[in-house]
Structures are given as structure tokens and as C-alpha cells.
Amino acid sequence: MDDPDLTGRTAVVTGSARGIGRAFLLALAERGAKTAVHYHTSDAAARSVADEARDRGAEAVTTVRGDVTDPGSVDELFSSVEDDLGTVDVLVNNVGDFAPTHWADIEFETWARVLETNLNGTYLCSKRALPGMRENGFGRIVNLGNASSEKGLVNPVNFPYFVAKAGVIMFTRMLAADTQDDGITVNAISPYVVENSDAFPEEIPRGRPASFDDLVRPLLFFVDPESDYVSGQNLEVDGGWLPETV
């Protein structure tokens, strides 16, 4: 597969000041996209990523602050991007809090925040981006899931995260069906352990966590304008992990 040419396309990656989101945004910048670095509290980090995106070839760059769990904030976020860069063509829903605590010990505010950032944020940002994509007859939405979400994987530790990611995969499939006549594709990338994960299991597939590059490769395939018949898919980047091994 050739590298996609994203010249003239506007891309928003939520939570792109750090980690996976940063890697995703810079990869899109390298392919010529106009990029919006989204952040909630990491203003300095977002400005640093914006500078790097310019250096890597982005046609234009802006930074935008917003809370993806708040409808009004999401509307302002996208309005700002549209004013600066034009209608959003590529949306990567990357934001999602993590709570590695036993479910009974999680504070309600944390429980709610995990569900809201992962699932509600994906819903709100996608809903706000869709009218412009439909009007232009083109759109690429990529959601971030979690390996084995489709298998109903759960654990007493971090339970709301598993629930939210299962919802993200269901939402991905539903939205793909609902946009199949609009020139829009909706797909998901679901990693297991990534190089910036907070904790690592004793045994990791292939002896290492997924690198950011491992996740960037499927992203570039999904956002490619030529990948117009691939929608509703969830690609697990897990090194061959088998959670049901006994």
C-alpha cells in the first residue's frame, strides 16, 4: 500500500498532545494533512506537537482546547477547527481515560469520567463531524478500542474501561452502517499493551508492547481515500494475544 496523500484534508485527533494521539497526528501531518492538535489541559505540550507537525510537512496546523464529554465544548472545538482549517475530513477519536482500580474502589466521578471520555466523547465528536463529511461526500472516522472488546473481555479491575470500549466497537459498527451511502468510512484500532501503557503484564506477546508505529500503520490504511470499501472493521493490534488461554 502506498502512503495516503492527505493534502487538502483536515484532520482532528482528539487527545493529540501526548502518547498515541500525538503519534497519530504527526503521521497525518507527514502525509500533508491540515492538522488540529486537540488537548484539554496540556496546552504547552499541544503547542510543541503543533510545531513538530509543521516541521513534518502539515499543510496547516492549529491547536484547539475542548472537553470531549461536553456537547457545547465539542461544538466550539469543531467550529474553531472549521474556521481555521476548513471542514473536518478525518476524525480520530483517541481520548479515553483509564482507571486501573477494582470496580468497588473506584470513585463514582472516576467511573463516570472513564465512560464519558471513551464512549460519550467518541459519540459527541463523531456526531459533530458528520454533517460536514456528509455534505462533502467524504469522511474517515477511526475510533480507538481495546483488544478483545468484541469478545466481552471483562475484569474486576478497570471494569468501566472495558464496558466503554465494548460500546465504542458497537458504535463503530453502527455508524459504519449508517454512513455507507455517504462516502464515509468508520473503523476502529484496538491495541492490547502499548509502549506508553501504565502497566505491563508479566508475559507480553512477541516479547514487547505495541509501538506507536504498530498503530500508525493501520491508521494510515483506514484514512486512505482509496480505502473506501473498508468500513465497520475493528483491527486488533495485540501481537497475537489470546486472553482465553487456559
Side-chain angles (χ1 to χ4, degrees), residues 1-68 73-96 117 121-122 124-126 128-133 135-136 138-144 184-185 187 189 191 194-196 210-227 237:
M1 182 191 73
D2 294 333
D3 257 6
D5 182 2
L6 300 178
T7 303
R9 304 290 188 188
T10 296
V12 173
V13 180
T14 65
S16 45
R18 303 179 186 277
I20 295 172
R22 174 184 178 276
F24 281 169
L25 183 127
L26 293 176
L28 300 177
E30 288 178 355
R31 276 75 189 177
K34 296 180 285 184
T35 53
V37 183
H38 164 259
Y39 68 99
H40 188 201
T41 58
S42 305
D43 177 49
R47 285 187 275 109
S48 176
V49 174
D51 290 340
E52 189 169 354
R54 293 184 186 93
D55 292 341
R56 294 203 188 189
E59 184 178 347
V61 184
T62 190
T63 60
V64 59
R65 183 183 182 278
D67 180 353
V68 300
S73 183
V74 168
D75 184 53
E76 291 177 5
L77 183 165
F78 278 85
S79 294
S80 177
V81 174
E82 290 162 352
D83 289 343
D84 290 343
L85 304 179
T87 301
V88 174
D89 303 293
V90 176
L91 168 64
V92 183
N93 287 304
N94 167 70
V95 165
T117 54
T122 296
L124 287 171
C125 291
S126 299
R128 178 59 178 79
L130 275 174
M133 291 181 176
E135 183 176 350
N136 288 345
F138 178 89
R140 297 288 183 266
I141 297 176
V142 180
N143 301 323
L144 200 68
I184 298 166
T185 67
N187 294 288
I189 299 170
V194 185
E195 62 177 84
N196 68 328
S211 68
F212 293 148
D213 285 343
D214 291 325
L215 303 180
V216 163
R217 292 185 184 97
L219 172 74
L220 295 178
F221 172 73
F222 283 144
V223 303
D224 193 328
E226 295 186 6
S227 298
V237 184

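Not measured: the values here are computed from a predicted model.
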[atom1]-[atom2] distance between [X] and [Y], expressed to the nearest 0.5 angstrom:
X      : Y      : atom1 : atom2 : result
Leu28  : Leu219 : CG    : CG    : 5.0 Å
Ile189 : Phe221 : CD1   : CZ    : 11.0 Å
Ser211 : Asn196 : OG    : CG    : 11.0 Å
Thr117 : Leu124 : OG1   : CG    : 11.5 Å
Asn143 : Leu91  : CG    : CG    : 7.5 Å
Arg140 : Leu6   : CZ    : CG    : 10.0 Å

For residues [X] and [Y], report the shortest heavy-atom separation together with the two atoms involved.
X      : Y      : answer
Thr14  : Val95  : OG1-N, 3.0 Å
Val216 : Ala27  : CG1-CB, 3.6 Å
Met133 : Val90  : CE-N, 4.2 Å
Thr185 : Phe222 : OG1-O, 3.9 Å
Phe78  : Cys125 : CZ-O, 3.6 Å
Val237 : Asp214 : CG1-O, 3.9 Å

- Task: Using the side chain to side chain donor-acceptor pair (under 3.5 Å) rule, take Ser126 and Asn93 through it: C-alpha gap first, then chi angles, then the decisive distance, then the call.
- Result: CA-CA 8 Å; Ser126 299; Asn93 287 304; 3.1 Å; yes
- Would you kindly say whether Asp5 and Thr7 are connected by a side-chain donor-acceptor distance under 3.5 Å?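 Looking only at side-chain atoms, Thr7 and Asp5 do form a donor-acceptor pair, the distance falling under 3.5 Å.
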- Answer with yes or no whether the side chains of Ser79 and Arg128 bring together a donor and an acceptor at under 3.5 Å. yes
- Query: Between Arg47 and Asp51, is a salt bridge (Lys or Arg N to Asp or Glu O under 4.0 Å) present by the stated rule, with each step listed?
  - Reply: CA-CA 6 Å; Arg47 285 187 275 109; Asp51 290 340; over 6 Å; no
Is a donor on one side and an acceptor on the other found under 3.5 Å between the side chain of [X] and the backbone of [Y]?
X     : Y     : answer
Thr62 : Asp84 : no
His40 : Gly66 : no
Asn94 : Gly15 : yes

Close side-chain approach of [X] to [Y], heavy-atom, < 4.5 Å:
X      : Y      : result
Ile141 : Leu130 : yes
His38  : Leu77  : yes
Pro191 : Leu144 : yes
Val223 : Arg9   : no

- Audit row: Leu220, Arg31, side-chain contact (heavy atoms from CB on, under 4.5 Å) steps and yes/no: CA-CA 9 Å; Leu220 295 178; Arg31 276 75 189 177; 3.4 Å; yes
- Query: When you check the gap from the basic side-chain N to the acidic O, do Lys34 and Glu59 get nearer than 4.0 Å?
  - Reply: no
- Arg22: side-chain hydrogen bond (donor to acceptor under 3.5 Å, both in side chains) partners, not counting sequence neighbours: Glu52
